[in-house]
Amino acid sequence: MEFEPLDQFLQRRKKLSEIESLGHAPYPHKFDWTHTPRQIAGEFGGRTAEQLTAEPVNVRVAGRIVALRPHGKAGFAHLAGDGGRVQVYVRLDVVGEQLFRLFQLLDLGDIIGVSGHLFRTKTQELTIWVERIELLSKALLPLPEKWHGLTDIEQRYRHRYLDLIVNERAREIFQRRAQIIRELRAFFDRRGYVEAETPMMHPILGGATARPFVTHHNTFDMDLYLRIAPELYLKRLVVGGFDRVYEMNRNFRNEGIDAIHQPEFTMLEFYQAYSNAADLMALTEELLRGLVESVCGATKIPYGEHEIDFSRFERLAMREAIGRYWPAAAGAPPSSAELASPGGPQAVAERYNAFARAHAAEPIAGVAGKSGGELTGELFEAIAEGHLQQPTFIFDFPTEISPLAKCREDDPSLTERFELFIAGMEIANGFSELNDPADQERRFRAQVEKGGVDAPKEVDIDYIRALSHGLPPTAGEGIGIDRVVMLLTNSHAIREVILFPLLRAAAEEQGAAPSGSATEAGGPAGASPDKKSK
RNA sequence: AGGGGCGUAGCUCAGUGGUAGAGCAGCGGCCUUUUAAGCCGAAGGUCGUGGGUUCGAUCCCCACCGCCCCUACCA
């Protein structure tokens, strides 16, 4: 297989043959290094030129050539590796003709190993005085332009490896992502949670409201859904005696793609027995504050135009939030009492729609056919959600839109459920888990009867059976990890924090190159904590 | 899904109704402390794809493909 740009590809392949004919293995198996490019600066950055002369430091370093400045009978290059870079200096009179010829045959992008001692150049840059040089892997294709790098967004995702080589920010985002995931695991492990891996292929859809991907198992001749949520399996584990359990992995939702949604997305779900929603709000606050401190080194972090302050989390009932952010042009804001009264949400929604029609905003559709709880949820989304920049827990979710949550003891129209919003995004969703099997079965059946494209088609009888064995009073929560990574990396598109976001498959072309014609199939993908479950 | 924008050399981008340019990368030459190294020279393109208008289209029109942004929907 040959790739465009063909002239450069062939040119580099020719150089590789010449390197072989000089007696070098084209793809050697091993290079013993003493330091990574990053470690050189870290360990020896403080040494002066005099110290390096008095006490020579010998190193062996491997890396990718990311800059190359030949000067006739000598030359400089920068090797990148381990997130750092180091300059090397090669001289004909030091390495000899044979190795210098090898140096001349190197290209930007090649991976080499060098050995030598450290010195400082005229400009005081810490540099390796190369005595031996070895090709470790030839780059047959050129790197993107050295100054502007790779800016085309589509190319960056289709050829993420180039993005990672060339764009430091991309590399930093994914290193930080790994750090976040490490910290989250440590947080739950410290507190005695068991990490579980529940099925990703589900015979019955459940645990959220979303349209699924469907797949097929050949031997069992059985259709399966890629999971939209692990919720029902994790609660089975609580029934089984894992009182504290968590899972952090992919969910798949066959729905729209935008700045905060991908079909394949990562969610953390955790459950703890003998706890309720209020306990989880406190835990979530502790978790996120600690995470931001350890990852960003501060409790206030910049996010676009805003500064987000994780030292304080606001708590606001959903009905209060509607009143608080009610548009001034829509008249007097509704009271929580009005929203709680029979027919209240309908009246408020009509008032909002009158305002919306007059101000080119989107009205709430189908008011007459919706329950008060559904309308309350929609009013909240239309009016308040986008205003919630600072960390804010919204609680008192209506029962109609919370089929897995336990009702409030004093008000069956509301549940012990909350969602956390930051920067206008839904970040977390948690509640006291409904553990009454009869009530759960009723709510499941109501969902199935109601129908709709994303409604469950059948009741998960085994889950009801599990509840019938007794689920302790339990609280559970889901946190959208991709969105947390967005916040902590000041990223404003979810695909910036997903290594290989789903793209439309490009047409395969013979000889297609980094210019963007290789097919990136991308399987089913998905992304976000959802409204009705974690 | 609707509206807007974009698609020109490998990369980053100019440009014009008379079939096209720069910088970087690549190629040849010079260059033993450079760092967006420098200097000289040559090369590189089906201007996203397919139609149409025109004597002539990369440019104007239509359709399609892909990407981006906004709005909406799935949630």
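Labels below follow one simple rule: chain letters A, B, ... track the order of the sequence lines, proteins then strands, and each chain is numbered from 1. Reckoned from all heavy atoms, side chains included, excluding hydrogens, waters and symmetry mates.
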From CD1 of A:Ile153 across to P of B:rC11 the rounded distance in Å is 16 Å
Here the distance between atom P of B:rA72 and atom CD1 of A:Ile364, to the nearest Å, is 12 Å
Applying the 3.5 Å cut-off to both distances, the Watson-Crick or G-U partner of B:rG50 turns out to be B:rC62
Checking N1-N3 plus N6-O4 or O6-N4 for Watson-Crick, or N1-O2 and O6-N3 for wobble, each under 3.5 Å, the partner of B:rC55 is B:rG18
Rounding to an integer number of angstrom, what distance separates [N] and [M] when you compare their [atom1] atoms?
| N | M | atom1 | value |
| --- | --- | --- | --- |
| B:rG15 | B:rG52 | P | 29 Å |
| B:rA36 | B:rA43 | C1' | 23 Å |
| B:rC70 | B:rU34 | C1' | 48 Å |
| B:rC27 | B:rC65 | C1' | 35 Å |
| B:rA42 | B:rC55 | P | 40 Å |
| B:rG56 | B:rG23 | C1' | 32 Å |

Is any side-chain nitrogen or oxygen of [X] closer than 4.0 Å to OP1 or OP2 of [N]?
| X | N | result |
| --- | --- | --- |
| A:Thr151 | B:rC13 | yes |
| A:Arg69 | B:rU33 | no |
| A:Lys15 | B:rC27 | yes |

Side-chain atoms of A:Asp107 come closest, of B:rU32, B:rG26, B:rG10, to B:rG26
Closest of B:rA72, B:rU33, B:rA25 to the A:Glu362 side chain is B:rA72
Expected list for residues 90-101 of chain A near RNA chain B, using heavy atoms below 4.0 Å, is A:Arg91, A:Asp93
Side chain to side chain contact (heavy atoms under 4.5 Å, CB included) with A:Lys138: of A:Ile112, A:Ile111, A:Asp110, only one passes, and it is A:Asp110
What I want to check is whether an N or O donor and acceptor connect the side chain of A:Gln87 with the base of B:rU34 at under 3.5 Å.
yes
Side-chain donor/acceptor contact of A:Thr121 with base of B:rU34 under 3.5 Å:
yes
Of A:Leu108 and A:Ala67, the one whose closest nucleotide on RNA chain B sits nearer the 5' end is A:Leu108
Ranking A:Ala77 and A:Ala259 by the position along RNA chain B of their nearest nucleotide, the one closer to 5' is A:Ala77
Smallest heavy-atom separation, A:Ile394 atom then A:Ala321 atom, equals CD1-CB, 3.9 Å
In A:Phe252, A:Tyr233, A:Tyr463, the residue satisfying ring-ring contact (aromatic ring centres under 6.0 Å, His included) with A:His202 is A:Tyr233
(message) Within the 4.0 Å heavy-atom criterion, would you say A:Arg120 contacts the bases, only the backbone, or no part of the nucleic acid?
(response) nothing
